[in-house]
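Please read the structure below before turning to the comments.
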Amino acid sequence: MSNKKVNMGTQAVWSGEKDVLVHGATQVPVVVSVAYNYDDMDEWYDVATGKKPGHIYGRNTNPTVQAFEEKVRIMEGAEAATSFSTGMAAISNIFYTFLRPGDRIVSIKDTYGGTNKIFTEFLPQMNIEIVLCETGNHEEMEREIEKGCKIVYLESPTNPTVKITDIERIAKKGKEVGALVVVDNTFATPINQKPLELGADLVLHSATKFLGGHADALGGVVCGSKELIEPIYHYREINGATLDPWSAYLLLRGMKTLKLRMEQQEKNAFAIARYLQTQELVEEVFYPGLETHVNHDIAKKQMRGFGGMLSFSLKGGMDAVKILLPALKYANRAANLGAVETTYGPARTTSHIECTPEERAAVGIPDGLVRISAGIEDTEDLINDLENAFAILKEHMLTVGK
């Protein structure tokens with residue numbers, strides 16, 4: 001039998017499903033039963049206590065959900081995985097599982113707005129010290145980690161400014177002080193980045209985004225060693241942020257095309273980024289695939305591809321955004337990303353809606369910053385759409401100027 005490594009595209013289609021298929025079906029069933037019947041009381045007890053595989057209650061486990069977890073686990077190269085109702089549930093469950101009053105977290109300033117709110121609002125109420133370093137300033141992070149911490153939390157690329165952190169470098173420093181290194185891999189996906197191979201202890205996803213890819217199911221997932229996943233799962237099964245089977249099925253179905261989608265989304269993101277660089281009304285373009293990106297070399301080292309996310313800042317700020325975005329024909333203006341449709345949105349109403357203008361400005365997010373999630377449309381059509389929108393914006397600015 002061949003021992004050749006199975007490639008990611010094949011894993012996305014086949015992995016994690018075989019043990020759940022029934023009656024010769026080729027697709028994972030949606031098991032909506034809340035409870036599972038046992039005539040044998042001893043068998044029921046053994047399943048309930050984990051001595052035998054099986055299911056007893058939907059808040060704990062579910063066959064459809066299990067197939068989703070297994071697929072992500074295999075693709076991330078992890079020993080174990082557990083899922084959640086949303087990506088934020090995955091993030092918060094990690095913190096509330098491992099942190100205790102007096103503990104310390106070292107992270108970056110540019111995390112997703114919801115994560116940032118946990119750092120600035122909720123965890124300090126538990127007497128947990130939060131240190132947020134300048135994203136990309138590895139020396140500052142290393143100095144803070146050396147002082148001791150329970151968790152090192154990274155997001156790379158970041159949402160929405162797609163900043164990059166050297167995961168391997170920071171993970172190594174975290175291990176030196178015995179910290180738990182956690183990486184949000186939502187933007188990169190396991191197609192483009194493997195944080196566990198770079199030294200992280202836990203990798204998480206908002207599965208709502210690229211994993212599902214169709215903007216029709218909420219979910220989150222965390223992967224790592226059995227030793228770490230078991231207490232996270234236990235916290236989740238008791239506190240109840242369970243992924244429902246219908247969402248798990250939709251996420252499973254979406255993941256089958258993950259590699260194909262990521263290839264076209266990256267192609268489109270590159271083309272959009274290069275086009276935006278040519279526009280006089282654009283102040284700056286942020287995309288790790290561009291050589292002008294401040295950490296392009298790090299991205300090139302740790303990523304297999306640069307992904308489908310980018311952002312840019314417009315001259316004229318929000319006034320210009322209000323003209324440009326409604327002029328786009330092939331774009332959703334919505335608070336989501338990773339879908340097959342191209343999606344545009346200002347950071348102030350998407351990733352950092354929870355933050356005040358002052359908080360956004362403090363992390364380098366002006367009101368004129370627009371996040372783009374490139375879809376799978378034909379590249380030429382997306383560029384033509386942008387050309388038309390910029391023509392309308394220029395005409396408006398000339399008219400206003402008069």
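In this chain, numbering begins with 1 at the start of the sequence shown.
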- Between Ile108 and the options Asn116, Thr158, Leu132, Ile170, the side chain to side chain contact (heavy atoms under 4.5 Å, CB included) test singles out Thr158
- Item | Check: Gly219 main-chain N/O paired with Thr208 side-chain donor or acceptor under 3.5 Å | yes
- Query: To the nearest 0.5 Å, how far apart are CG in Leu369 and OG in Ser313?
  - Reply: 6.5 Å
- Please check if the side chain of Asn192 supplies one atom and the backbone of Gly305 the other of a donor-acceptor pair under 3.5 Å. yes
- Message: As an exercise, state the distance from CD1 of Ile145 to CD1 of Ile105, rounded to the nearest 0.5 Å.
- Response: 12.0 Å
- Query: For Pro288, does its backbone N or O pair with a side-chain atom of His296 as donor and acceptor, under 3.5 Å?
  - Reply: yes
- Message: Under a 3.5 Å distance rule, please check whether Arg333 uses its side chain to pair with a backbone N or O of Leu328 as donor and acceptor.
- Response: yes
- Task: Give a yes or no on whether a salt bridge exists between Arg104 and Glu144, defined as a side-chain N under 4.0 angstrom from a carboxylate O.
- Result: yes
- State whether the side chain of Ser373 and the backbone N or O of Gly338 hold a donor-acceptor pair below 3.5 Å, judged by distance alone. yes
- Message: Donor-acceptor check, side chain of Asp378 to backbone of Glu380, threshold 3.5 angstrom: yes or no?
- Response: no
- Task: Return yes if some donor-acceptor pair links the side-chain N/O of Asp40 with the main-chain N/O of Glu43 below 3.5 Å, else return no.
- Result: yes
- Item | Side-chain heavy-atom pair Tyr233, Asn60 within 4.5 angstrom cut-off | yes
- Task: Indicate yes or no: does Lys109 engage Glu134 in a salt bridge with an N to O separation below 4.0 Å.
- Result: yes
- Less than 6.0 Å separating the ring centroids of Phe95 and Phe119? yes
- Is the backbone of Gly224 close enough, under 3.5 Å, to the side chain of Glu79 for a donor and an acceptor to pair up by distance? no
- Task: Would you confirm whether Ser311, through its side chain, and Pro160, through its main-chain N or O, come within 3.5 Å as a donor-acceptor pair?
- Result: yes
- Partner of Glu263 by salt bridge (charged side-chain N to carboxylate O under 4.0 Å, His left out), out of Lys267, Lys259, Arg261: Lys259
- Message: Determine whether a donor-acceptor pair (N or O, by modelled atom type, separation under 3.5 Å) exists between the side chain of His396 and the backbone of Lys394.
- Response: no
- Message: Does this structure show an ion pair linking Lys301 with Asp166, if we count only N-O contacts that are shorter than 4.0 Å?
- Response: yes
- Message: Hydrogens and angles aside, do Asn159 and Arg371 bring a side-chain donor and acceptor to less than 3.5 Å of each other?
- Response: yes
- Task: Just say parallel, tilted or perpendicular for the rings of Phe306 and Phe270, cut-offs at 30° and 60°.
- Result: perpendicular
